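Would you mind keeping the following structure in view while I ask a few things?
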Amino acid sequence: MKRFASRDSSYLPSSYLNVKPSLPSLPPPPLLPSGEVASPSCMECLFPRGMIGHETTLERLVEIPSEVRTAYSLFRPTPLVRAVGLERELDTPARIYYKYEGAGPAGSHKSNTALAQAFLAREAGITRICTETGAGQWGSALSQACLQFGSSLEVFMVRASYLQKPLRRVFMEMHGASVHASPSSLTSAGQSFLEKDASHPGSLGIAISEAVEQVLGDPSCCYSLGSVLDSVCLHQSVIGQEALLQMKEMGDFPDEVVACVGGGSNFAGIAFPFVASGEGVSYVAVEPSSCPTLTQGELRYDYGDSSGLTPRYMMYTLGCDFVPPPIHAGGLRYHGMSPLVSHLVSLGMVRAVAVFQEDVFSAAKLFLRCEGILPAPESAHAVSYVIDSALRAKEAGTPSVILFCLSGHGLMDMAAFS
Ligand SMILES: *Cc1c(COP(=O)(O)O)cnc(C)c1O
């Protein structure tokens, strides 16, 4: 039995694949605080021009710049592996495959967009990037990408994670980034939250406000976001494009494609190329029951941050003032959700499920023992659902084929498991 698909470089795509032309309709556009549609030109105070192009394009294929493709080639194509050990342990007729994005240099899928964004900033002559990070994976990926493409980086890190995950801060600093616990006293957004609570645990929404505030005051600086945006989903399409080819090589095709969702980008990355292929697949987005954006949130216009500095997006949201409980899967604690993923959920093309933290941690431990990889706490949400689905296949006696995105490894998150 074949366990691994080839990692031949011909599987690394030359273009990003845009799902928009394949959809029955598009999500409503982002709005400015005034209620007007946010035009591409008014986004230029935040993002480099190339990024806005990626955000708004309706072309099906968008060429990957050759320097970015070269940077990808150090770790892409990532492995596609059949989880034979897990299948055996569960004694299931289901065939389970995972696409292992932990093989990237920062241990998660986030380098796929970090490298593209750092490149596009350099092309626009920008020398300084500001961003936020929750658990630290995004800041880690972007700090490497900024070093590679020559810009400086300032990171606002959610205070709860800054305290729980000091190793992530060290990793970012080793790449030359400056890291601040958010809320910080460096911005007026941060100050206003600190006034209410001097030891405020922070949230992604607050950290985004701080990063955006810094960018609005400095034209040589751009903002960078690691998830949610259409452009980020576009960059992540390398995952699913490779997986499609690798599944074919394995002589199999998924009935179900699964990924965890925080802002929705690794889900979009693995699922959208299958959506665009037009094959009949069911798609499952897995979120934590403690931050149930898709299963309990409302679909409406809301800000991307907590102080109302960003445009408003049509998305599932728990409200931009939501401060999530400090569970360990920091990367899944965002109040909102990618407008594209939200749209597919609202059209009934994607099913959302919420899973409990206890099940998530036992799933991670089982996966480690059976497959030899410790999933990131975020990715373990997908693993938890996959185990349930494989057990249902066993009860029903149906040999379903499940493909999931193992979005990162958990070696930097050991404290969460101890
Ligand atoms: C950031 C992160 C996530 C959540 O972000 P999405 O945009 O929903 O993919 C999931 N897994 C890992 C390993 C992450 O670092």
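We count ligands from 1, going down the list as the structure has it; atoms in each ligand are counted the same way. Quantities reported herein were computed from a predicted structural model and do not represent experimental measurements.
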Fill in the blank from the handout: Quick look: V261 vs ligand 1, heavy-atom contacts under 4.0 Å, and the answer is backbone

Completion exercise
Applied to residues 151-176, the ring pair (Phe, Tyr, Trp, His ring centres under 6.0 Å) test, sequence neighbours excluded, yields F156-H180, F171-H175

Fill in the blank from the handout: Filtering K110, Q137, H381 for the heavy atom nearest atom 3 (C) of ligand 1 leaves K110

Problem - Per-atom contacts of ligand 1 with S108, taking only distances under 4.0 Å to non-hydrogen atoms - result: 13 (C), 15 (O)

Handout entry: Ligand-side contact atoms (ligand 1) for residue partner S227, heavy atom cut-off under 4.0 Å
Key = 6 (P), 7 (O)

Practice task
State whether the shortest distance between N or O atoms of G262 and N or O atoms of ligand 1 falls below 3.5 angstrom.
Solution key: yes

Problem - Stepwise ring-ring contact (aromatic ring centres under 6.0 Å, His included) check, Y385 with F404 - result: CA-CA 10 Å; Y385 172 85; F404 75 98; 10.0 Å; no

Problem - Sole candidate of S151, S231, S224 that passes side chain to side chain donor-acceptor pair (under 3.5 Å) when paired with Q117 - result: S224

Fill in the blank from the handout: E378 heavy atoms within 4.0 Å reach ligand 1 at atoms 10 (C), 11 (N), 12 (C)

Handout entry: Min N/O separation G264 to ligand 1 under 3.5 Å
Key = yes

Exercise for the section: For ligand 1, find out whether one of its N or O atoms is nearer than 3.5 Å to an N or O atom of S407. Expected result: yes

Handout entry: Atoms in ligand 1 flagged as close to G408, the criterion being non-hydrogen separation under 4.0 Å
Key = 13 (C)

Exercise for the section: Take every heavy atom of H109, measure it against each atom of ligand 1, and state whether any distance is under 4.0 Å. Expected result: yes

Problem - Between CD on residue E123 and CZ on residue F119, distance to nearest 0.5 Å - result: 3.5 Å

Practice task
Provide the full list of ring pair (Phe, Tyr, Trp, His ring centres under 6.0 Å) pairs with a residue in residues 273-306, sequence neighbours left out, each pair given once.
Solution key: F253-F274

Exercise for the section: Say whether G263, considering both its backbone and side-chain N or O atoms, lies within less than 3.5 Å of an N or O atom on ligand 1. Expected result: yes

Handout entry: Lys/Arg N to Asp/Glu carboxylate O, E101 vs R76, below 4.0 Å
Key = yes

Practice task
Establish, from distance only, whether the side-chain atoms of S182 and E132 form a donor-acceptor pair under 3.5 Å.
Solution key: no

Handout entry: Shortest non-hydrogen separation from L225 to V228 and the atoms involved
Key = CD2-CB, 4.2 Å

